[in-house]
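Have a look at the structure below, then the notes.
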Amino acid sequence: MAPFTLAHLSDPHLPPMPKPRLIELAGKRALGYVNWTRNRHRYQRREVLDALVADVKALAPDHIAVTGDLVNLALEAEFAPARAWLDGVGPPDRVTTIPGNHDAYVRATFHRFGETFAPYLASDDGSVGFPALRRRGPLALISLSTAVPTLPLMATGTLGRDQLAALDQVLERLAAEGVFRVLLVHHPLKSDARQKRMTDAADLLALLKRHGVELVLHGHDHIHSTMWFEGPNGNIPAIGVPSASALAHGRYPAAAYNLFTIEKDNAGWRCEQTVRGLGSGFQIREIKHARLI
């Protein structure tokens, strides 16, 4: 059987951002808009995102995971263009997405992500909610949502008691099935930044220690990241990627994505990671190749 390929990109922050109506620029959005107009519009670039997606599609992975922050301020006018962009990435049976904190930026439009991207969120049984479960080839894709509205200057995420309880049951069922379990979550499982952390990460780590998964994919920090966490049968790799639309700036690298090649290896699994990212002239090149499992 041929290896299964899974591409992972995150945080496209779809540019350009539409001009907000004055009534929309209250509270947290006002600060976010100032940040966009003074800083972020310079390095969140549509031509970067288009180059990255073109490279992904040229390699024709079996599935693509997009781990949140498709929009910027969750303006009403952002959701339709973001859906059109995701439709261009691939159809819902070949692409899975989850929300990030920017997709749930304010309470007024908190519901819009689920409405707009329902086909890309839904479990195989058609239900839309988290955790969601999608089976693709040898993979079980388990989608979580840490996306909650927060106060100005905060970018934390939370799973919540109900989602964690449901995840406990999902992981318990999957543990006996011999599938390659991939957990999709926007926030990293560990963060030194209080204002950007997952508030109940310790509860999630406890579930992973008990039940295990083979791979965790996340975004949010806009950097290349590999962390390892304890599972029942060894350490679990948790992989993060830079923003999919970013030029290099400050400590943040240019846009990149990961391509994972997954196949059965005797009694276990083999998973190799290829990192591809933005080079000169908006060309996408291979940055790194490593075996994870």
Notebook entry, point to check: Under a single-linkage definition using a 4.5 Å side-chain heavy-atom cutoff for Ile, Leu, Val, Met, Phe, Trp and Tyr, are Leu9 and Ile262 assigned to the same hydrophobic cluster?
Noted result: yes
Checklist line | Glu78 side chain to Leu73 backbone, donor-acceptor under 3.5 Å | finding: yes
Check: Would a hydrophobic clustering, with Ile, Leu, Val, Met, Phe, Trp and Tyr connected at side-chain separations under 4.5 Å, put Leu141 with Ile64?
Finding: yes
Next item on the list: Check the pair Leu86, Thr116 against side-chain contact (heavy atoms from CB on, under 4.5 Å), reporting the backbone distance first and the verdict last.
Entry: CA-CA 11 Å; Leu86 195 62; Thr116 303; over 6 Å; no
Next item on the list: Heavy atoms only: give me the nearest Ala30-Leu25 pair and the separation to one decimal.
Entry: CB-O, 3.9 Å
Next item on the list: Salt-bridge test for Asp62 and Arg94: reply yes if a basic N is under 4.0 Å from a carboxylate O, no otherwise.
Entry: no
Margin query: Filter on ring pair (Phe, Tyr, Trp, His ring centres under 6.0 Å), then keep only pairs touching residues 113-153, sequence neighbours left out; what's left?
Written below: Phe113-Phe117
Next item on the list: Using a strict 4.0 Å threshold on nitrogen-to-oxygen distance, state whether Arg291 and Glu272 make a salt bridge.
Entry: no
Check: Can you find a heavy atom in the side chain of Glu115 that is under 4.5 Å from one in the side chain of Phe79?
Finding: no
Next item on the list: Identify whether Leu184 and Met227 are in the same connected component of the hydrophobic contact network (ILVMFWY, side-chain heavy atoms under 4.5 Å).
Entry: no
Next item on the list: Sequence neighbours left out, what passes salt bridge (Lys or Arg N to Asp or Glu O under 4.0 Å) with Arg40? Give chain and number order.
Entry: none
Checklist line | Matching residue for Thr199 among Thr156, Thr158, Thr146 - test: side chain to side chain donor-acceptor pair (under 3.5 Å) | finding: Thr158
Notebook entry, point to check: Hey, are the side chains of Tyr33 and Thr37 touching, using non-hydrogen atoms and a 4.5 Å cut-off?
Noted result: yes
Note to self: For a 4.5 angstrom cut-off between non-hydrogen side-chain atoms, does Pro232 reach Arg210?
What the structure shows: no
Item checked: Donor-acceptor pair, side chain of Asn235 and main chain of Trp228, under 3.5 angstrom -> no
Notebook entry, point to check: Any side-chain heavy atom of Val182 sitting closer than 4.5 Å to one from Leu217?
Noted result: yes
Next item on the list: Taking the six-membered ring for Trp and the full ring for Phe, Tyr or His, determine whether the centres of His222 and His13 are under 6.0 Å apart.
Entry: yes
Next item on the list: Please report the shortest heavy-atom distance between Ala7 and Val56, naming the atom on each side.
Entry: CB-CG1, 4.0 Å
Note to self: More than 12 heavy atoms of other residues, nucleotides or ligands under 6.0 Å from CG of Asp162: yes or no?
What the structure shows: no
Item checked: Inter- and intrachain pairs under ring pair (Phe, Tyr, Trp, His ring centres under 6.0 Å), touching residues 180-199, at least two apart -> Phe180-Trp269, His186-His220, His187-His220
Notebook entry, point to check: Do Leu70 and Val48 sit in the same hydrophobic cluster, where Ile, Leu, Val, Met, Phe, Trp and Tyr count as joined when their side-chain heavy atoms come under 4.5 Å apart?
Noted result: yes
Checklist line | Listed partners of Leu52 passing side chain to side chain contact (heavy atoms under 4.5 Å, CB included), at least two apart | finding: Ala244, Ala255, Tyr257, Ile284
Next item on the list: Answer yes or no: is there a donor N or O on one side and an acceptor on the other, between the side chain of Ser123 and the main chain of Leu133, under 3.5 Å?
Entry: yes
Notebook entry, point to check: Are Phe229 and Val170 in one and the same hydrophobic cluster, where Ile, Leu, Val, Met, Phe, Trp and Tyr link if side-chain heavy atoms are under 4.5 Å apart?
Noted result: yes
Notebook entry, point to check: side chain to side chain donor-acceptor pair (under 3.5 Å): which pairs involve residues 125-144, sequence neighbours left out?
Noted result: Thr96-Arg134, Asp124-Arg136, Asp125-Ser127, Arg135-Glu177
Item checked: Check: Val179 and Glu214 side chains under 4.5 Å, non-hydrogen atoms -> no
Next item on the list: Keeping the roles fixed (side chain from Glu24, backbone from Arg21), state whether a donor-acceptor pair exists under 3.5 Å.
Entry: yes
Note to self: If you apply the rule side-chain hydrogen bond (donor to acceptor under 3.5 Å, both in side chains), what do you find for Ser145 with Gln163, and how did you get there?
What the structure shows: CA-CA 8 Å; Ser145 175; Gln163 191 175 178; 5.3 Å; no
Next item on the list: Decide if atom CZ of Arg46 counts as having more than 12 heavy atoms of other residues, nucleotides or ligands within a radius under 6.0 Å.
Entry: yes
Notebook entry, point to check: For the atom pair CZ (Arg276) and CD (Gln283), what is the distance rounded to the nearest 0.5 Å?
Noted result: 10.5 Å
Check: Taking only residues two or more places apart in sequence or in another chain, which ones pass salt bridge (Lys or Arg N to Asp or Glu O under 4.0 Å) with Lys209?
Finding: Glu230
Note to self: Are Pro16 and Gln44 packed together at the side-chain level, in the sense that at least one heavy-atom pair is separated by less than 4.5 angstrom?
What the structure shows: no
